[in-house]
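When reading the values below, keep in mind they use all heavy atoms of this one structure, side chains included, and skip hydrogens, waters and symmetry mates. Numbers restart at 1 for each chain; the letters A, B, ... are given by sequence-line order, proteins then strands.
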There are 2 protein chains.
Amino acid sequence: MWSTRLLVLGLVRWLGPVHGYLVRRELDSWRLPGVSEIGAGSIYHALKRLTADGAIEVVGTESVDARPARTTYRITASGETEFQRTLREKLWEVSASDDPFHTAWTFAQVLTPAENIAMLRQRAETLYGRVEMVTQVLASTTSDFKEANEEAFLPAHARAMIKRQADLWAVDAEWCEDTAGRIESGDLVLEPDLDADHAKYWRESISSDRFVERVAMFREGLES
Amino acid sequence: MWSTRLLVLGLVRWLGPVHGYLVRRELDSWRLPGVSEIGAGSIYHALKRLTADGAIEVVGTESVDARPARTTYRITASGETEFQRTLREKLWEVSASDDPFHTAWTFAQVLTPAENIAMLRQRAETLYGRVEMVTQVLASTTSDFKEANEEAFLPAHARAMIKRQADLWAVDAEWCEDTAGRIESGDLVLEPDLDADHAKYWRESISSDRFVERVAMFREGLES
DNA sequence: GTGTATATAGTCAAAGTTGAACAAGGAAAC
DNA sequence: GTTTCCTTGTTCAACTTTGACTATATACAC
């Protein structure tokens, strides 16, 4: 995934000479919960790959006490170029995101309406809880470095990013409540699971070119 | 990733006896653009893994003409159990999603304010474009199977899923416009890239337990 | 008629991800 | 005072993903 590479490269660039463990702690602490995380192994792998590619270089290997030796890295000129290029590329392109709920909901009609309603309401509550939490974080911090006691400092772009996440969680929660209500009221009727006729129809539709063409048109429209 | 496994298992379950290529076509056509896709190799890999685990089984291998032989699979009782369990697990848990923009925006302060404004405005436009597109799709289809010309049929839960995606894209777009405006008006001031003092402060904060503790508290709150 | 593209069906090597495991020191628990 | 857990820093094997490639048949253009 480019995101691991970009994050690790960006952190090595930003933190100056660093060893893998600091990058790892950085990532662990920085990233919002509910936003996907990067495993320890991936970070070390990325560091090695970036080194092999000449984007970063080894500064040295120190051994404090009898602790495991640690290798320190620094960004190179070619790494700086790659970073600037990749960053712009990824910010400008509106790329696909991997949404686990979207995937799972594909099979929503397998659950009973009652179970779906319970699930959606619970999800909405969890999401509203998150919104409240990050709202409090925003309220208890400031982007003004000078005025603040240092502990309350949170950079402006990080605050903006958190705000975005809160907005996204909030509409997601609203959608959940709305959808639960629509199932309850009978406005939204989920096809029963494995209805023989419909399943047969779908099997045929999927194979048919008619269907594939319609979807293709739809996709082209979106990509243009 | 569990999502590949769940999708492939669910499709084998739903489509009845199928071969890999049909599952692949299915996934290609079904999934919304802007929502992550699954590579061809992953599908065949998942089919083999599921077979090895006893969740699905080989029905047979046919050879039509001189085309490549195709293997047909069917879900087993143990696969049905796994499907039901995993599906509920994933629907109920509010799991992390991988958002490429979130990752890239981490380094937003590297771009100039002007570049950020241009990028955000362009992103907003692209997202609004998508919203319009799927809104048209929703308008031109119906979840009523009987009344419709068959081509316009789209199951209710799929329509709901598309609506959710449209809502998410819409707030994302609003956030982009709002943020662009705030940068323009000077309300949102991005820290300049690599300011020596702040970088030093951050390097120290990150290492300090004070910072880690604060983040830990924040995370616990969210997870409870 | 011949080149070019696309649909069918799948394989494979190279790359990336995951999470447990290692090892040793220090802090906290009982 | 010793069992137990956490922190530091990294490695490793097992697993998953990617996407280019193979090979044939058919459709379409020129």
Novice: With distance as the sole test, does Thr72(A) use its side chain to make a donor-acceptor pair with the main-chain N or O of Pro17(A) at under 3.5 Å?
Specialist: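 Pair absent, no side-chain N/O of Thr72(A) close to backbone of Pro17(A).
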Novice: Just to be sure I understand the rule, does Gly20(B) reach a base, reach only the sugar-phosphate, or reach nothing, if contact means heavy atoms closer than 4.0 Å?
Specialist: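 Sugar-phosphate, no base atom in range.
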Novice: Taking for each residue the nucleotide of DNA chain D bearing the nearest heavy atom, is the 5' side occupied by Thr72(A) or by Met1(A)?
Specialist: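 Nearer the 5' end of the strand: Thr72(A).
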Novice: Can you confirm whether Val18(A) sits close enough to Leu11(A) that some side-chain heavy atom of one is under 4.5 Å from a side-chain heavy atom of the other?
Specialist: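 The answer is no; the side chains never approach within 4.5 Å.
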Novice: With a 4.0 Å cutoff (strictly under), does any side-chain N or O of Tyr44(B) reach OP1 or OP2 of dG10(C)?
Specialist: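 So the side-chain polar atoms of Tyr44(B) do come within 4.0 Å of the phosphate oxygens OP1 or OP2 of dG10(C), strictly under.
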Novice: Rounding to a whole Å, what distance do you find between Lys48(B):NZ and dA14(D):P?
Specialist: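 Taking atom P of dA14(D) as the reference, NZ of Lys48(B) is at 20 Å.
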Novice: Hey, does Leu9(B) have a side-chain heavy atom less than 4.5 Å from the side chain of Tyr73(B)?
Specialist: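 Side chain of Tyr73(B) against side chain of Leu9(B), heavy atoms only: no contact under 4.5 Å found.
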Novice: OP1, OP2 of dT17(C) versus side-chain N and O of Thr4(A): anything below 4.0 Å?
Specialist: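 Yes.
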Novice: Taking atom P of dA7(C) as reference, at what distance in whole Å does atom NE2 of His19(B) sit?
Specialist: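 Distance, rounded to whole Å: 16 Å.
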Novice: Does a side-chain N or O from His45(A) land closer than 4.0 Å to OP1 or OP2 of dG16(C), or not?
Specialist: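 Yes, His45(A) has a side-chain N/O under 4.0 Å of OP1/OP2 on dG16(C).
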Novice: Under 3.5 Å, is there a donor-acceptor pair between the side chain of Thr86(B) and the main chain of Phe83(B)?
Specialist: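 No, Thr86(B) side chain to Phe83(B) backbone: no donor-acceptor pair under 3.5 Å.
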Novice: Where each residue is assigned the nucleotide of DNA chain C containing its nearest heavy atom, which of Gly41(A) and Ala40(B) is assigned the position nearer the 5′ end?
Specialist: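 It is Ala40(B) whose nearest nucleotide is closer to the 5' end.
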Novice: Would you kindly give the CZ-to-C1' distance between Arg5(B) and dT17(D), to the nearest whole Å?
Specialist: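 Distance check: Arg5(B) CZ to dT17(D) C1' gives 15 Å.
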Novice: What nucleotide among dG10(C), dT8(C), dT10(D) has an atom nearest to a side-chain atom of Arg25(B)?
Specialist: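 When the side chain of Arg25(B) is considered, dT8(C) is the closest of dG10(C), dT8(C), dT10(D).
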Novice: For Leu47(B) and dT17(D), give me the distance from atom CG to atom C1', rounded to whole Å.
Specialist: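 The answer, rounded to whole Å, is 15 Å.
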Novice: Between dG16(C) and Arg49(A), is there an OP1 or OP2 to side-chain N/O distance shorter than 4.0 Å?
Specialist: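 The answer is yes; a side-chain N or O of Arg49(A) sits under 4.0 Å from OP1 or OP2.
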Novice: OH of Tyr21(A) versus P of dT11(D): gap in Å, rounded?
Specialist: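 Answer to the nearest Å: 15 Å.
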Novice: Report the distance from atom CD of Glu37(B) to atom P of dT16(D), rounded to the nearest whole Å.
Specialist: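 Atom CD in Glu37(B) sits about 21 Å away from atom P in dT16(D).
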Novice: Rounded to whole angstroms, how far apart are OH on Tyr73(A) and P on dT10(D)?
Specialist: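 Computing the Tyr73(A):OH to dT10(D):P distance gives 7 Å.
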Novice: Expressed in angstrom and rounded to an integer, what is the separation of Glu26(A) atom CD from dG9(D) atom C1'?
Specialist: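 Rounded to the whole Å, the gap is 16 Å.
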Novice: Contact class for Arg24(B) vs. all strands (heavy atom < 4.0 Å): base, sugar-phosphate, or nothing?
Specialist: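 Base: the residue Arg24(B), judged by heavy atoms under 4.0 Å, touches a nucleobase.
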Novice: OP1 or OP2 of dT18(C) versus the side-chain N and O atoms of Ser42(A): is any pair under 4.0 Å?
Specialist: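 So the side-chain polar atoms of Ser42(A) do come within 4.0 Å of the phosphate oxygens OP1 or OP2 of dT18(C), strictly under.
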Novice: Using the rule side-chain contact (heavy atoms from CB on, under 4.5 Å), only one of Met119(A), Gln122(A), Glu125(A), Arg123(A) pairs with Cys176(A); which is it?
Specialist: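 Between Cys176(A) and the candidates, side-chain contact (heavy atoms from CB on, under 4.5 Å) is satisfied uniquely by Arg123(A).
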